[in-house]
Amino acid sequence: MKIDILTLFPDICRAPLGESIMKRAQENGIIDLRIRNLRDWTTDKHHIVDDTPFGGGQGMVMKPEPIFAAVEELCAAKENTADTQRPALEVQQSKIENGKPKVIVMSPAGRRFDQQMATELSRESHLVIICGHYEGIDHRVIEHLVDLEISIGDYVLTNGAIAAIVFVDAIVRLLPGVLGHEQSAVDDSFSDGFWRHLSTLARQNFAAGKFPKFWFPEITPRSQSGVKSRQ
């Protein structure tokens, strides 16, 4: 799977997505993760990415031009790769198989993210994730460019890059080969709509106390011969 994250703050994403399971997934070639700075697609010398909202009001709105330029370039790059990897007669079929990248924007107005959606999106070959900031993104981006608006909850974050980290982590861990055991993702909480069972160590003794008695019903001790031992 290929994942492109478009954000004004790439460093927010790099640290958490460069550790542990996410790091190994990249090292093993399971995902191709690119964290990109939206300012690279600006055309002015100051790399301005925001402007005042229509009608006035507080805050700033992210301009559509850099976002359109970035997404169009990333989508075009995928099509060109498909064309060069197969003979001319198979180019059209290749495009059908690879599919158009799924363009997603992290937005509080979006559909609530859950495990079922993570499973569905883990089947995509290419995700382009747009991270908002300021008062939001020019709505023309949503109307003409985005396939799916996603929210990770009903609360406000500093910017969409933080939400994108949660989003990417939940999807990537569902890909084959990412977790240590292939059954791990299947047994996770919410995989079947329910919480996973409680977790604890195999040993009973701990400073805070033993396991509850009902976890371990009393068993009459027996000798090796199978005869009840005397107390």
Side-chain angles (χ1 to χ4, degrees), residues 1-38 62 67 70-71 74-75 78 98-133 136-137 141-142 145-199:
M1 171 183 278
K2 183 175 183 179
I3 302 174
D4 286 294
I5 300 177
L6 296 170
T7 174
L8 299 178
F9 302 95
D11 288 342
I12 290 179
C13 298
R14 288 195 179 108
L17 294 179
E19 298 288 342
S20 185
I21 291 173
M22 297 299 110
K23 180 180 180 180
R24 292 195 297 272
Q26 294 172 72
E27 291 175 343
N28 295 333
I30 299 173
I31 61 169
D32 178 10
L33 176 64
R34 307 292 176 93
I35 302 169
R36 304 177 185 273
N37 193 331
L38 262 173
M62 289 180 66
I67 300 174
V71 173
L74 294 174
C75 291
K78 183 176 179 64
N98 287 311
K100 176 179 173 289
K102 179 80 73 175
V103 180
I104 293 164
V105 64
M106 307 308 299
S107 165
R111 178 181 162 192
R112 179 74 68 86
F113 186 57
D114 57 20
Q115 191 70 15
Q116 181 181 350
M117 192 190 302
T119 302
E120 293 171 0
L121 291 172
S122 70
R123 303 187 185 106
E124 297 287 337
S125 61
H126 187 186
L127 300 177
V128 177
I129 305 166
I130 304 170
C131 303
H133 193 58
I137 298 173
V141 172
I142 310 298
L145 200 62
V146 170
D147 297 311
L148 189 61
E149 286 184 87
I150 291 179
S151 167
I152 64 168
D154 295 336
Y155 45 85
V156 179
L157 297 171
T158 303
N159 59 65
I162 301 171
I165 295 167
V166 175
F167 176 72
V168 170
D169 185 280
I171 291 172
V172 170
R173 65 192 315 280
L174 297 175
L175 300 177
V178 170
L179 300 181
H181 194 287
E182 61 182 17
Q183 190 67 19
S184 296
V186 178
D187 292 339
D188 270 346
S189 294
F190 306 116
S191 59
D192 57 359
F194 298 97
W195 285 87
R196 188 173 180 268
H197 59 77
L198 299 177
S199 299

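Computation of the quantities below employed the complete heavy-atom set of this structure, encompassing side-chain atoms and omitting hydrogens, waters and symmetry-equivalent molecules.
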Closest non-hydrogen atom pair between Thr119 and Ser122, with its separation: O-OG, 2.6 Å

Exercise: identify the closest heavy-atom pair between Arg112 and Ile152: CD-C, 4.4 Å

Show the nearest heavy-atom pair for residues Pro101 and Val128, with the distance to one decimal. CB-CG2, 4.1 Å

Other residues, nucleotides, ligands: >12 heavy atoms within 6.0 Å of Glu27 CD: yes

Give, for atom CG of Leu179 and atom CZ of Arg24, the distance between the pair rounded to the nearest 0.5 Å. 8.5 Å

Cys131 versus Ile5, closest heavy-atom pair with distance: SG-CG2, 3.7 Å

Could you please spell out the steps behind the side chain to side chain contact (heavy atoms under 4.5 Å, CB included) verdict for Phe9 and Thr158? CA-CA 11 Å; Phe9 302 95; Thr158 303; over 6 Å; no

Distance-only donor-acceptor check, side chains Asp32 and His126, under 3.5 Å: no

Using 0.5 Å steps for rounding, measure from the CD1 atom of Ile129 to the CD1 atom of Ile3. 5.5 Å

Backbone N/O of Val103 and side chain of Asp147: donor-acceptor pair under 3.5 Å: yes

Just do the side chain to side chain contact (heavy atoms under 4.5 Å, CB included) check on Leu33 and Met22 with the steps written out, would you? CA-CA 9 Å; Leu33 176 64; Met22 297 299 110; over 6 Å; no

Are any side-chain N or O atoms of Asn159 and backbone N or O atoms of Ala161, one a donor and one an acceptor, separated by less than 3.5 Å? yes

Ile165, Val166, Val172, Ile171 screened by side-chain contact (heavy atoms from CB on, under 4.5 Å) with Val168, the one that passes: Val172

Value for CG (Asp4) from CG (Leu74), rounded to nearest 0.5 Å, stands at 4.5 Å

Nearest heavy-atom contact between Ser107 and Ser151 is O-CB, 3.1 Å

Criterion side chain to side chain contact (heavy atoms under 4.5 Å, CB included) on Thr7 and Ile12, from CA distance to verdict: CA-CA 9 Å; Thr7 174; Ile12 290 179; over 6 Å; no

Interatomic distance, Leu174 atom CG to Arg123 atom CZ [nearest 0.5 angstrom]: 9.5 Å

Return the CE to CD distance between Met1 and Glu124, rounded to the nearest 0.5 Å. 7.0 Å

Nearest heavy-atom pair of Gln26 and Gly18: which atoms, and what distance? NE2-CA, 4.5 Å

Evaluation steps, side chain to side chain contact (heavy atoms under 4.5 Å, CB included), between Ile150 and Met106: CA-CA 5 Å; Ile150 291 179; Met106 307 308 299; 4.1 Å; yes

Applying the side-chain contact (heavy atoms from CB on, under 4.5 Å) test to Leu6, which of Val105, Asn37, Ile130 qualifies? Ile130

Leu145 side, atom CG; Cys75 side, atom SG - distance, nearest 0.5 Å: 7.5 Å

